[in-house]
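Counting starts at 1 for both ligands and their atoms, following the listed order. Worth saying up front: this structure is predicted, and the values here are computed from it rather than measured.
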Amino acid sequence: MSVSATITNISRGSLHDGPGVRTVVYFKGCGLSCKWCHNPETLSPQKQILYIKSKCIHCGKCVELCPECHQIQGSDMLFLRENCTACGKCSDACPSLALSLCGEEKTVTELFEEIKKDQHYYTSSGGGVTFSGGECLLHSQFVKEIAKMCKDKNIHTTVESAFFVPWKNVEEVLPFTDLFFADLKIPDPEKHRKFTGQDNKLIIENITKLSNIHSNIILRIPVIPGVNDSDDDIDAFAQIIKTFGKGIKEIELLKYNNLAESKYDIAGKEYTEFAEKTQTNEEMQKRCSAFKEKCSKNCYFA
Ligand code: SF4
Ligand code: SF4
């Protein structure tokens, strides 16, 4: 029987998630809950209804179908998410696409058919497939099988992970993964717990082991204003990075932005803003120079 996993989105033509032009597969579910997460709809492992209020034309179809979850209140359609079982009946009936079901069960074979559609640009650009999320390594058996199928067809594979998973999940995908993006978020364990829901012990253990046996890893650090962007934070990051093995090739710093704010409303989650503006290129360049000097690694920002 083919393994299956819940996928939230397949994004085609990405230029930022590994070499060349890429197809990015977003898996549903994550063991962390970072307050700045750009994909809040991927955090829960369960399927869920997304609701874009501004698209609602107040036709009342969802209320007729499911009065336990939908109620018209004045000029608003109120969505009582806590009662929803994500059956998808209301989203199927919604004429304006204000309601949509997030999360689709796919088998390995079905996903591979989707991936193969983009073979032309993998070949012409040196691109491939990136498995992301959510936490794709919570679906390690699935990722192993699909990555193996990709490698059989000479398609480049990248795994992007926060590494808050048992080591055996990492081991499973290792032989079929060309590149890892390893997210490193906050050096201090307690601060890590405060902003992501978990401390960083398991993550650091996993990246340490991986960096001693895999030769192509890019560390990704989201730079969050007031959380992990001080000089002391850079020193603390450097102390950790210096203990990693030779497999760490580069460090990629990610600029902060508020682009995901509307996604929180759509998913019914509370948004935390850490700064009104994104960092300037000069600020990021300065930070890159500090990382380069303290870690003896190439560092760039995106
Ligand atoms: S998905 Fe099903 S249970 Fe949830 S609101 Fe729609 S109709 Fe009701
Ligand atoms: S079915 Fe869609 S458009 Fe109609 S009231 Fe419900 S959310 Fe609004």
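- Here Cys87 meets the criterion, with an N, O or S atom under 2.8 Å of atom 2 (Fe) of ligand 1.
- At a heavy-atom distance under 4.0 Å, only side-chain atoms of Leu99, from C-beta outward, approach ligand 2.
- For atom 5 (S) of ligand 2, the nearest protein heavy atom (residue, atom name, distance) is Gly60 N, 3.4 Å.
- At a cut-off of 2.8 Å, Cys94 is counted among the residues with an N, O or S atom near atom 2 (Fe) of ligand 2.
- If you number the atoms of ligand 1 from 1 as listed, the ones under 4.0 Å from a heavy atom of Thr85 come out as 3 (S), 4 (Fe).
- The closest donor-acceptor contact from the side chain of Lys263 to the backbone of His38 lies under 3.5 Å.
- Residue, atom and distance of the protein heavy atom nearest to atom 8 (Fe) of ligand 2 are Cys56 SG, 2.4 Å.
- Side chain of Asn200 to main chain of Ile186: a donor-acceptor pair is present (N/O by atom type, distance under 3.5 Å, no hydrogens or angles).
- Side-chain atoms of Glu110 come within 3.5 Å of backbone N or O of Thr107 as a donor-acceptor pair.
- With hydrogens and angles left out, the side-chain atoms of Asp118 and Thr23 include a donor and acceptor closer than 3.5 Å.
- Numbered from 1 in the order shown, with element, the atoms of ligand 2 that lie under 4.0 Å from a heavy atom of Ser96 read 3 (S).
- Under the 3.5 Å distance criterion, the side-chain polar atoms of Glu135 are matched with a main-chain donor or acceptor of Ala162.
- Short contacts between ligand 1 and Cys66, defined as distances under 4.0 Å to a heavy atom of the residue, involve ligand atoms 3 (S), 5 (S), 7 (S), 8 (Fe).
- Atom 4 (Fe) of ligand 2 has an N, O or S atom of Cys59 under 2.8 Å away, backbone or side chain.
- Each of the following atoms of ligand 1 lies closer than 4.0 Å to a heavy atom of Ala86: 1 (S), 4 (Fe).
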Stepwise, does the ring pair (Phe, Tyr, Trp, His ring centres under 6.0 Å) test hold for His70 with Phe79? CA-CA 5 Å; His70 299 285; Phe79 179 26; 5.1 Å; yes
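- Of the protein's non-hydrogen atoms, Cys90 SG, 2.3 Å is the one closest to atom 6 (Fe) of ligand 1.
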Ring pair (Phe, Tyr, Trp, His ring centres under 6.0 Å) between Phe142 and Phe27, intermediate numbers included: CA-CA 10 Å; Phe142 185 101; Phe27 289 79; 5.6 Å; yes
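- Contacts between Cys84 and ligand 1 below 4.0 angstrom, taking non-hydrogen atoms only, involve backbone and side chain alike.
- Under the side-chain hydrogen bond (donor to acceptor under 3.5 Å, both in side chains) rule, Lys28 has a single partner from Gln48, His139, Glu41, which is Gln48.
- Heavy atoms of Ile49 approach ligand 1 to within less than 4.0 angstrom.
- One distance of note links CD of Glu171 with NE2 of His214; it measures 13.0 Å at 0.5 Å rounding.
- Using a 4.0 angstrom heavy-atom cutoff, His70 counts as in contact with ligand 1.
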